[in-house]
Amino acid sequence: MSKKVAITAPIKVSELAEAIGVDVMDLVGELMKNGVMATINDSVDFETAAIVVSELGFELEESEGDGEESTTTDSDVDMPRLSVLEPGEGEPRPPIIAVMGHVDHGKTTLLDALRNSDVATGEAGGITQHINAYQTEHDDRKLTFLDTPGHEAFSILREHGAQLTDLAIIVIAADDGIKPQTKEAIRYAQEAGVRMVVAVNKIDKPGADPNRVRQELTEMNLNPEEWGGDTVVVDISAEKRQNLDKLLDMIILVADLEDLRAKTEGPMEGTVIESQMVTGKGAVATVLVQHGKLKIGDFIVAGDVYGKVRSIEDFNGSRIKEAYPSQPVAVSGWKDTPHLGAFVHGVADEKAAKVAVSTASNPREGTSAITQADSMTAAMHAHQASTVPVVVKADVDGSLSSVVQSLEMLKNEEVRVDIVGSGVGPISESDIGLAESTGATIIGFGVTVPGRIKQLAMRSGVDIKIYNVIYELLDDIRERLTELLPPEITEEEMARLRIKAVFKTAQKETICGGEVLKGKLVPGLLVRMIDEEDESEDEDKEPQMKEVGVVNALQREQQSAKEVVQGELCGVNIATKGKLKLKEGDELEFFTRTTKKRSL
């Protein structure tokens with residue numbers, strides 16, 4: 001009879017082993033047998049734990065938790081939300097401005113000019129690949145800017161960027177016009193109810209046509225002010241720093257119309273812009289403070305992760321003690337990396353933080369971005385011929401989300417990417433184990449591979465690919481998927497021949513004579529005939545044809561011929577796949593077959 005054990009899930013592997021009284025490594029081994037790659041510090045959900053321990057003779061019951069935490073009332077566990085202020089409530093705050101647009105239209109160059117930095121030249125592949133947050137001042141007014149990626153793979157980041165902001169600058173190159181990511185950025189801003197200011201950039205470039213851009217804007221129902229509409233449009237050159245003051249003036253003017261306010265005291269509220277694992281600091285999240293005050297020593301919660309603030313750094317990397325509304329800061333002290341877009345809020349103490357995490361809608365079940373149950377399913381499907389199994393690791397959570405989303409879109413009915421695991425941070429030993437057990441390639445985006453991990457990968461036969469540019473990663477995976485696609489085969493009938501005589505029938509050669517009924521017969525054509533062994537009794541069914549060989553040589557009037565056309569008599573030498581049963585009156589069909597490589 002199975003022994004019953006009560007647990008609170010999710011539960012660490014080490015704690016589960018202790019609860020049922022078995023050696024932790026035996027439990028890890030049992031998990032691996034079931035396709036769950038977990039270390040002693042990873043957590044598993046109740047269903048996974050129940051399946052595994054049942055094979056060890058135990059039956060699990062899900063506990064409601066200890067008595068102390070079970071006394072929380074419904075009001076204690078209500079999911080927190082960003083505060084909504086009444087008109088006039090709170091204090092004025094700096095505007096939060098997203099800079100959005102198509103790749104290579106000058107978004108980052110514009111921000112560099114505004115903050116006198118040189119970020120653009122150092123970007124991998126020349127494109128922004130994370131959300132970057134900065135603050136600058138104009139006429140003694142602070143402005144917070146978010147730089148969002150323009151490459152199509154980063155739509156999830158652009159969407160978050162629009163949702164976080166009060167105002168969006170839509171950057172459009174005057175020599176290129178509105179492009180797909182421009183339209184997408186405008187749509188995100190419209191859906192989020194964000195006011196827009198259009199910056200027509202690169203007006204100093206050959207072929208620049210700001211009026212063409214304005215015309216394209218009207219086609220999207222964004223009518224420029226100077227044309228009688230309500231959309232602010234400013235012509236600039238970020239590279240030459242032309243009209244930047246005018247752009248900032250208009251940003252402040254539009255922002256002031258919104259009467260932006262926030263609570264400056266009380267528990268902090270904000271949003272995770274980005275998160276990553278940093279050597280020597282652990283989990284670090286870039287947080288945009290939206291209400292209240294964030295201080296060293298505060299306990300904060302972001303979805304299913306909590307932490308005690310150990311350090312706060314401003315956008316310049318300088319350590320500060322406090323952060324206020326509209327300020328982007330890097331915060332360390334988290335127990336794990338919070339997810340991109342997670343709502344952050346301050347709590348009274350660690351007990352309150354643990355309660356908040358336990359009531360999160362999607363509590364974390366381990367370091368992988370997929371659940372342990374999903375790992376089982378992934379392992380079963382990893383070796384299908386139509387899949388490319390991968391483990392994805394990225395430097396920050398936003399990039400991880402974008403890479404995973406983009407890889408999931410690389411598919412059709414025949415091939416797809418199978419993401420068997422994913423996570424934030426350097427490639428680890430557990431990643432190697434998961435890749436080895438599923439036959440996956442490890443894809444690292446902006447991450448490092450420690451020397452010992454490289455050696456372990458070589459010994460395990462695991463392939464690791466590291467990328468710093470998103471489109472290079474996607475191009476490589478697309479190529480691998482393309483190789484799995486069966487080729488496109490096209491056949492074309494070229495001629496038909498009615499047999500009038502059979503001169504020789506051997507195992508690999510047949511010589512016959514006949515009349516060309518249609519087309520043109522040449523050496524090298526493939527040959528097929530009606531399959532006499534097709535036993536179908538359906539009179540309406542088309543007779544089945546089978547391929548029988550290839551034309552070796554032709555003869556006309558007892559002389560070698562390069563071609564024979566309709567109406568002519570000829571002899572045909574056929575290299576066959578077996579002995580043919582030919583007789584007078586049979587017909588042979590001659591055809592070509594071309595094979596074309598397909599693309600995804």
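On a predicted model such as this, the values are computed, not experimentally measured, just so you know. No hydrogens, no waters, no symmetry mates; every other heavy atom, side chains included, goes into these values.
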Does the distance from a Lys or Arg side-chain N to an Asp or Glu carboxylate O, for [X] and [Y], drop under 4.0 Å?
| X | Y | value |
| --- | --- | --- |
| E414 | K411 | no |
| R593 | E488 | no |
| K202 | D204 | no |
| D431 | K393 | yes |

Please tabulate, one pair per line, all N/O donor-acceptor pairs under 3.5 Å involving side-chain atoms of residues 503-512, not counting sequence neighbours.
from	atom 1	to	atom 2	distance (Å)
K504	NZ	E509	OE1	2.7
E509	OE2	N573	ND2	2.8

Would you please name every residue forming a side-chain hydrogen bond (donor to acceptor under 3.5 Å, both in side chains) with [X], sequence neighbours left out?
| X | answer |
| --- | --- |
| D209 | none |
| E568 | R556 |
| D475 | R478 |
| T576 | none |

pair [X]-[Y]: side-chain heavy atoms closer than 4.5 Å:
| X | Y | answer |
| --- | --- | --- |
| Q190 | L222 | yes |
| L407 | V392 | yes |
| E483 | E479 | yes |

Side-chain donor-acceptor contact under 3.5 Å, H105 with N201: no

Where L410 and L474 come nearest, the two heavy atoms and their spacing: CD1-O, 3.9 Å

Residues T441, V391; criterion side chain to side chain contact (heavy atoms under 4.5 Å, CB included); working and verdict: CA-CA 6 Å; T441 297; V391 175; over 6 Å; no

Pairwise side-chain hydrogen bond (donor to acceptor under 3.5 Å, both in side chains) hits with a residue in residues 515-528, at least two apart: E491-R528, R528-E589

Given N223, T231, D235, the one that forms side-chain hydrogen bond (donor to acceptor under 3.5 Å, both in side chains) with R214: D235

